[in-house]
There are 2 protein chains.
Amino acid sequence: MSCGKRLAEQLHERGYRVTAQRTIILETIAHMEDHISAQQVYEGARERLPGLNLATVYRTVESLKGAGMINMLSTGGEPMRFSLCDPEHPHSHLVCRECGSIFEVEAEEIEAFARRVEEITSFRIDSVHLTLEGLCQICKQKQAAP
Amino acid sequence: MSCGKRLAEQLHERGYRVTAQRTIILETIAHMEDHISAQQVYEGARERLPGLNLATVYRTVESLKGAGMINMLSTGGEPMRFSLCDPEHPHSHLVCRECGSIFEVEAEEIEAFARRVEEITSFRIDSVHLTLEGLCQICKQKQAAP
DNA sequence: TAAGTTTATGCAAATCTTTGCAACTACGAA
DNA sequence: TTCGTAGTTGCAAAGATTTGCATAAACTTA
Ligand SMILES: [Mn+2]
Ligand SMILES: [Mn+2]
Ligand SMILES: [Zn+2]
Ligand SMILES: [Zn+2]
């Protein structure tokens, strides 16, 4: 089965309608290496669906997030970015507040932390795709030696 | 010493210039009970500084964040909100994706988690003021019984 | 397959946030 | 105190994101 077809099926299973827009937007995000902005999703998807509207991109990523199929990443200042959820490779993001670079970190501690919060609060935590801000190694060193 | 004066002093110590705008915006955030939006900061601060511009509010909260004096909280969909950092009471936020309500959670696990990430990555984590999304107890129960 | 119902989309307008630039101000040095 | 410089601000314009509404498409049921 094609990648797009499998993704569409997942969408359907989770109670979302399968539209051309959703399918193509999802594939566009899936096939990109990096985390991409709404504008980039729009440009990529519009090649296969010329009538597509940017507002639909925003509404769709909201739905895809709700379906647990994509992650949203907000890096200080810059526009929101999106990436496909990979259950095999859950991770969080570190964003350097100096140079803006993004690192991924797999930390099994995250899941434990989320479960602990659920215990304390009786909330049900959906997303543990965290974004932490700080200084990357390079910017940290630069700041140490002025 | 007045609350505003102490805050201004902290700002100065951290290498930021102390302007009327910054002082008043900081006090406005400090004196609000809840986390407030840029628009609310603007309206509050403008009572004491009529010429204030909304763009200055946005630039100022960015600076105050950089100085480690306020927290930013982005609740899915809604505009960004701000609150004063209280070193005595560090906490994270839980946002219900159904009803939008916000809960605070003090979890000593957060700090440990951040330090662990620093070990793994050689990043320096600044902010561990996390926002986790999920379902609050009420919305969780509603969803269980349809 | 043919409605009927519900949800999604496009479009345009509103809202929220960032930015370029010229005038202004804080603050350290003289 | 005065001056020089780098950092801030207001304003207007641009960029990003959300929303209301009429139309169109997806799914349900018959
Ligand atoms: Mn990622
Ligand atoms: Mn808080
Ligand atoms: Zn960096
Ligand atoms: Zn709720």
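Just so it is clear, the model here is predicted, and its values are computed rather than measured.
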Selection from D:dA16, C:dC16, D:dG10 that lies nearest to any side-chain heavy atom of A:Pro79: D:dA16
Length of the CG-C1' vector between B:Leu54 and D:dA14, whole Å: 15 Å
Proximal nucleotide (of C:dT25, C:dT7, D:dA12) relative to the B:Ala55 side chain: D:dA12
Side-chain heavy atoms of B:Arg22 within contact of B:Ser63, under 4.5 Å: yes
Interatomic distance, A:Leu49 CG vs C:dT9 P [rounded to whole Å]: 10 Å
Nearest-nucleotide 5' precedence on DNA chain D, B:Asn53 against A:Met80: B:Asn53
base_contact_polar (D:dG7 base, B:Arg59 side chain, donor-acceptor, <3.5 Å): no
Residues A:Arg6, A:Glu9: salt bridge by 4.0 Å N-O rule: no
Terminal axis angle for the helix from C:dT1-D:dA30 to C:dA30-D:dT1, five pairs an end, nearest 10 degrees: 50°
Integer-rounded Å distance: D:dA16 P and A:Glu78 CD: 11 Å
SB check A:Glu43 A:Arg46 (cutoff 4.0 Å): no
Nearest-angstrom distance from the residue atom CG of A:Leu52 to C1' of C:dC11: 13 Å
Whether A:Lys140 side chain and B:Ser122 backbone form a donor-acceptor pair below 3.5 Å: yes
Phosphate-side-chain proximity, A:Tyr58 and D:dT18, N/O vs OP1/OP2 below 4.0 Å: no
Below 4.0 Å: OP1/OP2 of D:dG7 and any side-chain N or O of B:His12: no
Distance test, side-chain N/O of A:Gln21 to OP1/OP2 of C:dG10, below 4.0 Å: yes
Sugar-phosphate, base or nothing in reach of B:Arg22, heavy atoms under 4.0 Å: sugar-phosphate
N or O in side chain of B:Thr19 less than 4.0 angstrom from D:dT9 OP1/OP2: yes
Protein-nucleotide distance (A:Arg14, atom CZ; D:dA26, atom C1'), rounded to Å: 20 Å
From D:dT9, D:dT17, C:dG28, nucleotide with atom closest to B:Thr56 side chain: D:dT9
